Amino acid sequence: MAQAVTSTTRDLDLKHLWHGNLQHRGLEARPPLEIAGADGCYVFDADGHQYLDAMAGLFCVNVGYGRREIVDAVTAQMTRLAYYPLTQSHGPAAQLAGRLAGLLPRGLDRVFFSNSGSEAVETALKMARQCARRLHPGQNRYKVIARHRGYHGFTMGALSATGQSPRRAAFEPLVPGFLHVPPPDHYRCSFCSSQPGCTLGCADEFERVIRMEGPETVAAIIAEPVIGGGGIFPAPEGYLERLRATCDRYGVLLIMDEVITGFGRTGKLFGFEQAGIRPDILTFAKGLTSAYLPLGATVASEHVFEAFEGDADSDAKFTQVSTFGGHPSSCAAGLANLDILTRERLWENSAAVGAYLIQKLRAIRSRAIGEVRGCGLLIGLEMVSDANKTPLPEGRMVQLQREIREKGVLVGRNNDSVPGYCNVLILSPPLTLAREQADAIVTAIEGVVGQ
Ligand SMILES: Cc1ncc(COP(=O)(O)O)c(C=O)c1O
């Protein structure tokens, strides 16, 4: 339930909080929403207005808000053991690692905990570099190939893997050794947009780059099963299989960044299950606890883990430690969250209501909607100004987002991702979304996009 309005929160925010990705000058005239409470798929602002949160916070509250079960599990854990680091061990971390291993395909069963998606990715990149050097002694495998438009986090390594120049530019030079290839963007693809389906030219770019750079210099490929914040680009049929085959051919590790796609978002429990492949390393955060507490996880397959074994070799260990990674309370939240997710089989609702929502969005008759794409409850609407696919200007996108909000629905957009192409509205609601709530999202969007 919404709490009482406190003008102090707004004053203190404007005076002392530093928000990311936001111009603070003039913020008084357009202050951020003050969210005071939430329940199910809805959030409430301090003035008591209700909004359908079609972004699940930031792609993360998968089981929805207000789940008492998670709160109780965390309270019990904090009472029993508020903290201990994983320099030793504790029950919640071991149990959650075991639970994840049980949900994943055989062999993907070693879990390194951290605190966020960026840290999970940073860990995966470091793991891959150290592992590649151990698996290929005498070679210098350090390069990582990622995709334009992909997002992997804000820390320097994860940002170097990120293929969004507006997010990178202010901090360059970034970490050496990161290369980018085009994303699977059939709508604007230079390989195949004139053809009815994807020809996987974009997937073949990975092999071309590996050969050009020299396979003995390449440690890993990193990709999101569906590019999320960069504008919603699902992997086309055969794409992930092609990446897996390329990695196998050249001894390169395949990292799947499942920070958004993990835990039901795409209509499967994990995004890579859209294809019949097994990655070498996985990254999770967001849906792992449904954001009730911060937690990141990097899962390695047995052959990655085994590369770090060796009694007589003092370098034979993953050289990293994290004070808060695998915090007992976060792991307790993760366990309770996975209980809910698996008991309610929320990936099935994600698949069914997601397909329904996509179909309804595609039925909107508006020249401003160039394409609706996505899978499960991860959906993008590419907005255009004309029949030549000219991207809708960013100013208009901001306005659209605001108008939809005025109709009671919070949607996202791919701001700061690619110069000139910040024209995708994004939907990523809780996986509990009901069809009537999907209808409400469609009605709000239809009401503002014009014919
Ligand atoms: C695919 C992907 N990887 C990594 C991250 C970074 O996660 P965090 O914001 O928790 O650091 C994000 C964040 O949105 C993401 O979408």
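Heavy-atom basis, side chains included; hydrogens, waters and symmetry copies ignored. What you see is a predicted model, and the numbers here were worked out from it, not measured in a lab. Indexing begins at 1, ligand by ligand and atom by atom, following the structure's order.
Scanning for salt bridge (charged side-chain N to carboxylate O under 4.0 Å, His left out) contacts around R244 gives D248, D280, with sequence neighbours left out. In this structure, the salt bridge (charged side-chain N to carboxylate O under 4.0 Å, His left out) partners of R208, at least two apart in sequence or on a different chain, are E205.
Within the structure, ring pair (Phe, Tyr, Trp, His ring centres under 6.0 Å) pairs that include any residue of residues 103-123 comprise F112-F318 (at least two apart or interchain).
E224 has no carboxylate O lying under 4.0 Å from a charged side-chain N of R149, or vice versa, which leaves the two without a salt bridge.
Ring geometry for Y83 against F324 counts as perpendicular: the plane angle is over 60°, on a 0 to 90° scale with 30° as the lower cut. A perpendicular orientation is assigned to the rings of Y51 and H49, their planes being inclined by more than 60° (bins at 30° and 60°).
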Protein N/O near ligand 1 N/O, under 3.5 Å, which pairs?
unit_1: ligand 1; atom_1: 3 (N); unit_2: D257; atom_2: OD1; d: 3.3
unit_1: ligand 1; atom_1: 3 (N); unit_2: D257; atom_2: OD2; d: 2.7
unit_1: ligand 1; atom_1: 7 (O); unit_2: S118; atom_2: N; d: 3.3
unit_1: ligand 1; atom_1: 10 (O); unit_2: G117; atom_2: N; d: 2.8
unit_1: ligand 1; atom_1: 11 (O); unit_2: S118; atom_2: N; d: 2.8
unit_1: ligand 1; atom_1: 11 (O); unit_2: S118; atom_2: OG; d: 2.6
unit_1: ligand 1; atom_1: 14 (O); unit_2: K286; atom_2: NZ; d: 3.0

